[in-house]
2 protein chains.
Amino acid sequence: MGREGTHAAGRRGSRHEGAVPVQPMSDATKRLPGRVVTEATAAIAALVAEGTLKPGDRLLAQRLADRLGISRFPIGQAMRILAERGLLTADPGRGFSVATDGPCHAASFRAERGGGDLASAYFRIAEDRLSGALPEHISEQAMRDRYGLGRGQLAQLLNRMAGEGWAERRPGYGWRFSAVLTTPAALEQSYRLRLAIEPASLLEPGYRLDGNLLRQCREVELRMLDGEIETASADTLYERGVRFHEAIVGASGNPFFLDTLKRVNRIRRLLVYRSLADRSRYRQQAAEHLELLATLERGAQAEAAALLRAHLQGVMEKLSAVRPLLEAKSHPEG
Amino acid sequence: MGREGTHAAGRRGSRHEGAVPVQPMSDATKRLPGRVVTEATAAIAALVAEGTLKPGDRLLAQRLADRLGISRFPIGQAMRILAERGLLTADPGRGFSVATDGPCHAASFRAERGGGDLASAYFRIAEDRLSGALPEHISEQAMRDRYGLGRGQLAQLLNRMAGEGWAERRPGYGWRFSAVLTTPAALEQSYRLRLAIEPASLLEPGYRLDGNLLRQCREVELRMLDGEIETASADTLYERGVRFHEAIVGASGNPFFLDTLKRVNRIRRLLVYRSLADRSRYRQQAAEHLELLATLERGAQAEAAALLRAHLQGVMEKLSAVRPLLEAKSHPEG
DNA sequence: ACTTGCATTTCTTGCGGCGTAAATGCACAA
DNA sequence: TTGTGCATTTACGCCGCAAGAAATGCAAGT
């Protein structure tokens, strides 16, 4: 998806970010909604789409607000927007309820998720860094000018990068990008970390993979085998893999394992960015994922751990076969 | 109107932080030095103290600046300060050189490292959180008032906490502190992560523990056994342990392992904060550390990994014995 | 030629104001 | 009594200004 979104506009973008390019909008909802309203809108639409809310059901503002962890206000806004879109009907004085033809409309709300501005800058920076377009040392000022970011935004990004280990403050002014990402060994090293933690997480004392989650994971894998491997975008495929592994590890109940995995995955995303997704291997991966799920369902943790280890090792080997491709820009250092 | 507060002193501390309480200072160096100057001062003093620079040696500004990764300016300031302190002699027109009695003075420069203001707030927050004094949800405004922080400072802290996984933005306003830290199982879980990664790191392909580093580690452990266990502060003891393990893991050359360990250690520090340091166990720990070093020296990685595993497991068990003490405030949660 | 020491430039951070989004209180309707 | 709809209050993000602090350029000295 075009994550590059706004870049030219830059500075004056205020906070509304790229979200909700819905259409000119009629008079009642002229002002473009903020982040929370946008999310609430999507969330309610999702509830209708998945059938949790059926036609005729009345929507209680407070209830929804609690569920989403926000106040009633953005809920009201969201409902008004959805009513205009024909998903809900407004009963003046008695709030809103799901329209009879709501569910069909609901599908059109496919997560036009924004959040874009910052995320897009993040990826642009990473890409520039990997391609060598960004110098090793640079001042915040220069970064702001280059990417059209406000002070706070840039600070957020830099902190994140620092946390991820590929940028660091210089003693005086400015920042320094470390070489971690540009070395071809990084990807392999990230896999060795996963190899250490993922199987171990399956052996955690309280491990319990929720039945619902398991079913959900299985369905995704089946859909993949059923053709999505060919049709989905490379980004989506990556996302799917990440989600699977995070779900598996998350079921360990040990947040340290999960956080670590999430962390390494976020970086890995940058590393695989340039590796042409070789779709054929996804087929085998999906099969292995399914086998793993079956084993976990039986509660055979040790066996599952072994499978997972083998799975990761397999991926890693395939990977080192592609490695020459990545070494286009090898920075010998030492 | 909460906001105009400015209530406590806090605010006007500018950025110089608690550093360098050196003394009223004579006229030449009246203005208190900034962060970089302070660090440069300490660095140069250290060079003199450790004998890298001997009496009579001339100090070249550019050389030092390059070595520290900063510009010549703060170097000059630092040298002037040190000259006033009697560590260096000023040769007008020809810079500075080490004074004959420099080395004795140098010892008095024991890293009076500041950085304090923020760090102290960080620990106060963590403590309040652990003791339950801080509510689960809170707005930035309330935090600022509570801890007397500027907007930027607070933002920095919150970002850091978010990165460490124990605070997160709420959808609307305000922040939410996750339960990670308050659950009594957390400490144990953190050890299980370490158990997964530390031994594995010893088996990394390019593992190589530098001879110098090894010797240094050994010395520290010996000093510990030689009495420091009784005399050093609890904080220092913790620090020593962390450093040892990070050195060992860092020698794997895989930054992902090291980062993960650092990360978990930072959080662990908050978790052990209240556990009364039981000094007796440090003795055994030191012995095990030494044995580990010896094994690594022989290059017996697998054996070392086993030792490390046993070591961690031992610590963990001791820990679960103390656990009842920590459960003072157990938050059962569904 | 190399360095110092100063002057100038550049960068960063703190603070307060402003505009807008979200939270909250309240009156009123069902 | 419960819940809606609006008005009020509160919180937060962005911006500009100004004060330092660090980086850099330059002339003079050795």
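Here is how names work: the chains are called A, B, and so on, in the same order as the sequence lines, proteins then strands, and each is numbered from 1. Quick caveat, the model's predicted, so the values are computed rather than measured.
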Side chain of [X] only, heavy atoms from C-beta on: which candidate in [options] is closest?
X	options	value
B/Leu60	D/dG16, C/dT4, D/dA23	C/dT4
B/Tyr173	C/dT4, C/dC11, D/dT10	D/dT10
B/Arg58	D/dT4, C/dT3, C/dA22	C/dT3
B/Gln141	C/dT12, C/dA22, D/dC12	D/dC12

- [ ] Using whole Å, report how far CE of A/Met79 lies from P of D/dG3.
- [x]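 Result: 13 Å.
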Task: d(CD, A/Gln77; P, C/dA23) in whole Å - done: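 Checked: the CD to P distance equals 11 Å.
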Which residues pass the side-chain contact (heavy atoms from CB on, under 4.5 Å) test with [X], not counting sequence neighbours?
X	value
A/Arg266	A/Arg160, A/Glu164
B/Leu258	B/Glu246, B/Lys262
A/Arg170	A/His137, A/Arg176

Open item on the list: Quick check: on DNA chain C, is the nucleotide nearest A/Ser139 upstream (toward 5') of the one nearest B/Arg170, or the reverse? Name the residue that is more 5'.
Closed with: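 Its nearest nucleotide being more 5', the pick is A/Ser139.
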- [ ] Identify whether any heavy atom of B/Ile75 sits under 4.0 Å from a base atom; if not, whether one sits that close to sugar-phosphate; answer base, sugar-phosphate or nothing.
- [x]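 Here B/Ile75 touches no strand at all.
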Task: Short side-chain N/O contact from A/Arg63 to OP1 or OP2 of D/dT2, under 4.0 Å - done: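 False: A/Arg63 side-chain N/O out of range (4.0 Å or more) of D/dT2 OP1/OP2.
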Open item on the list: Pick the closest DNA chain D nucleotide for B/Arg151 and for A/Gln62 by heavy atoms, then say which residue is nearer the 5' end.
Closed with: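 Looking at the nearest nucleotide for each, A/Gln62 comes out on the 5' side.
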Task: Contact list for residues 59-76 of chain B, test salt bridge (Lys or Arg N to Asp or Glu O under 4.0 Å), sequence neighbours left out - done: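 Pairs touching residues 59-76 of chain B that pass the test: none.
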Task: Per-nucleotide protein contact string for nucleotides 24-30 of chain D (B base, S sugar-phosphate only, - none; heavy atom under 4.0 Å) - done: BB-----
Open item on the list: Which residues pass the salt bridge (charged side-chain N to carboxylate O under 4.0 Å, His left out) test with A/Asp57, not counting sequence neighbours?
Closed with: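 If we apply the salt bridge (charged side-chain N to carboxylate O under 4.0 Å, His left out) test to A/Asp57, skipping adjacent residues, there are no hits.
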Open item on the list: Which heavy atom of A/Leu82 sits nearest to which heavy atom of A/Ala45, and what is that distance?
Closed with: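 In this case the closest contact between A/Leu82 and A/Ala45 is CD1-N, 4.3 Å.
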